[in-house]
Each structure stands twice: as C-alpha cells, then as structure tokens.
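First comes the structure, then the notes that go with it.
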Amino acid sequence: MRLTVIGTGRLGATHAACMAELGHEVAGVDVDRGKVAALGAGRVPFHEPGLAPLVARHTASGRLRFTTSFEEAGAFGQVHFVCVGTPQRQGGDAADLTCVERAFAAIAGHTRKGALLVGRSTVPVGTADRLAAAHGVEIAWNPEFLREGFAVRDTLRPDRLVFGVRTARAERLLRTVYAPLLGAGTPLVVTGFATAELVKTAANSFLATRISFINAMAEVCEATGGDVRRLAEALGLDGRIGPAFLRAGAGFGGGCLPEDIRAFAHRAAELGVDLGLLRQVDAINMRRRDRVIAMARELCGGTVLGARVAVLGAAFKPDSDDVRDSPALNVAARLGLDGADVTVYDPVAMDNAREAFPLLGYALSAEEALRGAELVLHLTEWPQFREVDPVRAAALVYRPRIVDGRGVLDADRWTAAGWRFWALGGSGPVGAAGESREGGQR
Ligand code: UGA
C-alpha cells in the first residue's frame, strides 16, 4: 500500500520506517526542512536503537521517502497516519492540540478520494470525533504504545493493535496495513473512537500509577527500615500483579507519562469525572525528586552550597537521548540553584542536556564527572553506570558518598569499597557512616 506518515519525530519516523519494513511504500511528511533532509539522506536526528539502519535501508531502496509537501503526500497516499506531538499546553495541564489540528487540516485539504486519515497521537477523548466533523473526511484512531529505546521493536512486535473506527471500510484498510503483524498473531481490539483514544491515556496512567504506588511504598520503607527492592520483588512474584513498572527510584519523566496523566485528569474534570487519583500519582512522583535533593543535603551535612556533586545520567531513562522532564536533570538543576557545583555525565543525552540547562557543568566521561566529587547521584540507570567499579570510583572522588536514585546498584559492593551508600526506598544510609536498620538485607 501507499502510506504517508505526517510528523517525523520519534513516533512518526519510527512508524514510517517500520511501515516500509512491512513492505509498504511510505512518504514521511514534516514541515521541518532540516528533519526531512536528514531522514531523506538516511540519517536519524535522535537516538533510537535500531532505527537508523531501517531508515538507511529503506530510503536507499526507494521504499521510504520524506517530503515537506502536503500536496505531494495527498496525491501519493491512500492511508495517512498523523503522528505529531501533543505537548502540555503552556500554563496549564491540558494537551496542546495545535500540531494535530494543523496536520489534519493540511492533509485533509489534499487527499484523494477514498483516503483514510488515521490519528496515532495521544489526544484527549473526543478529539477524533471533533476532527471527523470538522474535516468531513474518513478518520480512524490507532493509538501507539511504543516506548523510547524500544520503539522499533514495539512497532514491529506490538503487544496489541487498537483500531478506533466507524466503518467496516476503515477497519479493512487498517487490517491491510497491519496484515503482517495480524498474520503473526498480534491481538487486535476494534472499537469506537472514544475507547481507542482512552486506551492510550488509560494505559499510560496505569503505568504511572504502578510506578507511583511502588514509590509510595518506598516512602514507607524509608520510614520503617524496609527495603523497597525486596518488597517489589515479592509483589511482582504474585501472578496477578507481575513485576513490570515496579522499579522504585527517582520516578518517571519524559514527554509522555507526566504530561499524559495531567492532560487526562484535566479532560476528565471537563467531563465531570474526578480523576484525583492521577493528581496523587503526579504528586508522589514529584516528591521523589524532592527526596533525592533532601538526601543530597543530608549527606552533605545540611547544605549543598559549594559542594561538588556528580550526577550520573541526564536522559529521562536509559537508551534515550530525551531529556524532557528528566528527573535527573530536574534534580541537577535544583541543586545547582542551591549553590552546588554540579557536573553531569550521560552517555548519549549530553547535547540535549546542555541545550536545556546550559549553566550546569558537563563532563566527557563518568570518570571525569566523579573526579573530586563530594557526592555522587546515580539518576539514570544506564548499564555502564552499573559497571562502574566502586573501588576505582572511590579513588577518584573527594568523599565516597552516593545516592542510588534508581535502585539498581549493588549496595554491598559499594559499601565494601568504603562508600556511604544511600538508596531511595532503602533502609537509610549504610556503609562508613551509617548502619543498615534491616540487618544487611538490602
Ligand atoms: C511510555 C509508555 O511506556 C509507552 O507505552 C507509551 O507509548 C509512551 O509512553 C508514549 O506515550 O508515547 P516512555 O515514555 O518511552 O513510554 O518510557 P517508559 O519506559 O514508560 O518510562 C517512563 C518513565 O518511567 C521513565 O522515566 C522511567 O525511568 C520510569 N520508570 C519506568 C520507573 O521509574 N519505574 C519503572 O518501573 C518503569
């Protein structure tokens, strides 16, 4: 089939390349000339494992191309996927739908007869209905569930597909687009517009709720000497609960979970439904950042003023260069404002971090960040940070004190190397200057 994908950011570029991989002819459309030029030359302007080879292969074969022309896209495609962003509106919690509305209007003005416009962006419930009425074209909603860092895998091997449709024809067209995935047994849920829109916001809200639930348990563990890692392990072994999204730590960030729960609570309130639950989820999440800062202060003897702090991690999660609402950078910036001398290192997100927080210090390696530090904060769980040798690291720092804000470092190894080790949701400071209150069960 001939498809277009409007919006060539993380979601759109991945969708376009993966649709080409499924055998379709695809045109990616964007108003950003720079992005279109880079992608057209086979280059991906952001970090997403596995995407660059797909883009390079399919642009070279001619199956995938990129354009800024909606006229060309309208003449080319039979199905048009809209994959533009819906950030949080300035000064409020609602989603900003400007890009979605513009994209639908732009393509609707150029489509050929029988074309189907498919929304994939995360939108407030009721949006598809409104767009269908406004543009008088056939619309479907097909939410995406891909995670940054696993975007290619999540598109080519999704847990499920959701089609929000109003006609059998729209369903048939989407079934043809995704035939290879459906043939491989991917579960499909066919529903109306509202449910399709809600599946996405509900899924992200549920994931955020799980993370905040375990982080609330971390707060209780900190107050009682419990160990949230063990608690999560035991909870996850219950077949009804499962282990995913129960990693306690500095909390969730990124361009999706925090904004999506706010936009969802806002939309629900507009509809007269109280989703105060999600306000609590948000509040617990933000408290984790405060907790890291409180720990940093405590470990530095009451104030971080003038303290050399090394922050390991800037991306909102590993395998991504995305720093939007990153807990790591939020903590780093706030410590900087409190007068700490902060040095950040991240394996791939340095450019984005520098652009977002130009006044922080940046190192070219973890080793360089650690040199002379009085406190180390581990805030993004890149695998390479797990491999840092605590003995070598102790020789680099001025004072061996670390907060593991992601709960993945081996407390015993670090304390054995002389570190004062403090984990979020752990049993308090352990090592040189403190004792575990739970007899070493960390
Ligand atoms: C999230 C969803 O997982 C995707 O299904 C969805 O498609 C996407 O948002 C979206 O709306 O586009 P993503 O933001 O890429 O994907 O990242 P996640 O893997 O969900 O992680 C989100 C945040 O939660 C990260 O900061 C991560 O460090 C944190 N997290 C995750 C935890 O703190 N604990 C956990 O157990 C899991």
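Quick note: residue numbers are just sequence positions, from 1. Indexing begins at 1, ligand by ligand and atom by atom, following the structure's order. When reading the values below, keep in mind they use all heavy atoms of this one structure, side chains included, and skip hydrogens, waters and symmetry mates.
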Of all the non-hydrogen atoms in the protein, which one sits nearest to [atom], and at what distance?
atom: atom 34 (N) of ligand 1; value: Arg247 O, 3.0 Å
atom: atom 2 (C) of ligand 1; value: Asn204 OD1, 3.5 Å
atom: atom 10 (C) of ligand 1; value: Cys256 SG, 3.1 Å
atom: atom 32 (C) of ligand 1; value: Ile211 CD1, 3.6 Å

I'd like to know if the side chain of [X] reaches the main chain of [Y], judged simply by a donor and an acceptor atom lying under 3.5 Å from each other, with no hydrogens or angles considered.
X: Glu48; Y: Ala151; result: yes
X: Lys200; Y: Glu144; result: yes
X: Thr14; Y: Arg10; result: yes

Any N or O on [X] sitting closer than 3.5 Å to an N or O of ligand 1?
X: Gly253; result: yes
X: Phe316; result: yes
X: Leu146; result: yes
X: Glu381; result: no
X: Glu148; result: yes

Compare all side-chain heavy atoms of [X] with those of [Y] and state whether any distance is below 4.5 angstrom.
X: Met1; Y: Glu25; result: no
X: Leu117; Y: Glu138; result: no
X: Leu231; Y: Cys221; result: yes
X: Leu22; Y: Leu181; result: yes
X: Tyr345; Y: Trp382; result: no
X: Val311; Y: Val331; result: no

Does [X] come within less than 4.0 Å of ligand 1, judged by its heavy atoms?
X: Arg210; result: no
X: Gly249; result: no
X: Gly254; result: no

Under 4.0 Å from a heavy atom of [X]: which atoms of ligand 1 are those, numbered in the order shown and with their elements?
X: Leu257; value: 1 (C), 9 (O), 22 (C)
X: Asp260; value: 11 (O)
X: Leu246; value: 36 (O)
X: Glu144; value: 7 (O), 10 (C), 12 (O)
X: Leu207; value: 3 (O)

message = Under the criterion side chain to side chain contact (heavy atoms under 4.5 Å, CB included), I'd like the reasoning laid out for Thr111 against His80: C-alpha separation, chi angles, the key distance, then a yes or no.
response = CA-CA 9 Å; Thr111 49; His80 305 276; 3.6 Å; yes

request  = Could you pull out, from Phe145, Phe150, Phe252, Phe245, the option with a heavy atom nearest to atom 24 (O) of ligand 1?
outcome  = Phe252

query = If you measure from atom 19 (O) of ligand 1 to every heavy atom of Glu259, Lys200, Lys317, Arg406, which option wins on shortest distance?
reply = Lys317

Approximate separation, where rounding is to 0.5 Å, of Asn330 CG and Ile293 CD1 = 6.5 Å

request  = Nearest 0.5 Å please: distance from the CD1 atom of Ile139 over to the CZ atom of Arg130.
outcome  = 10.5 Å

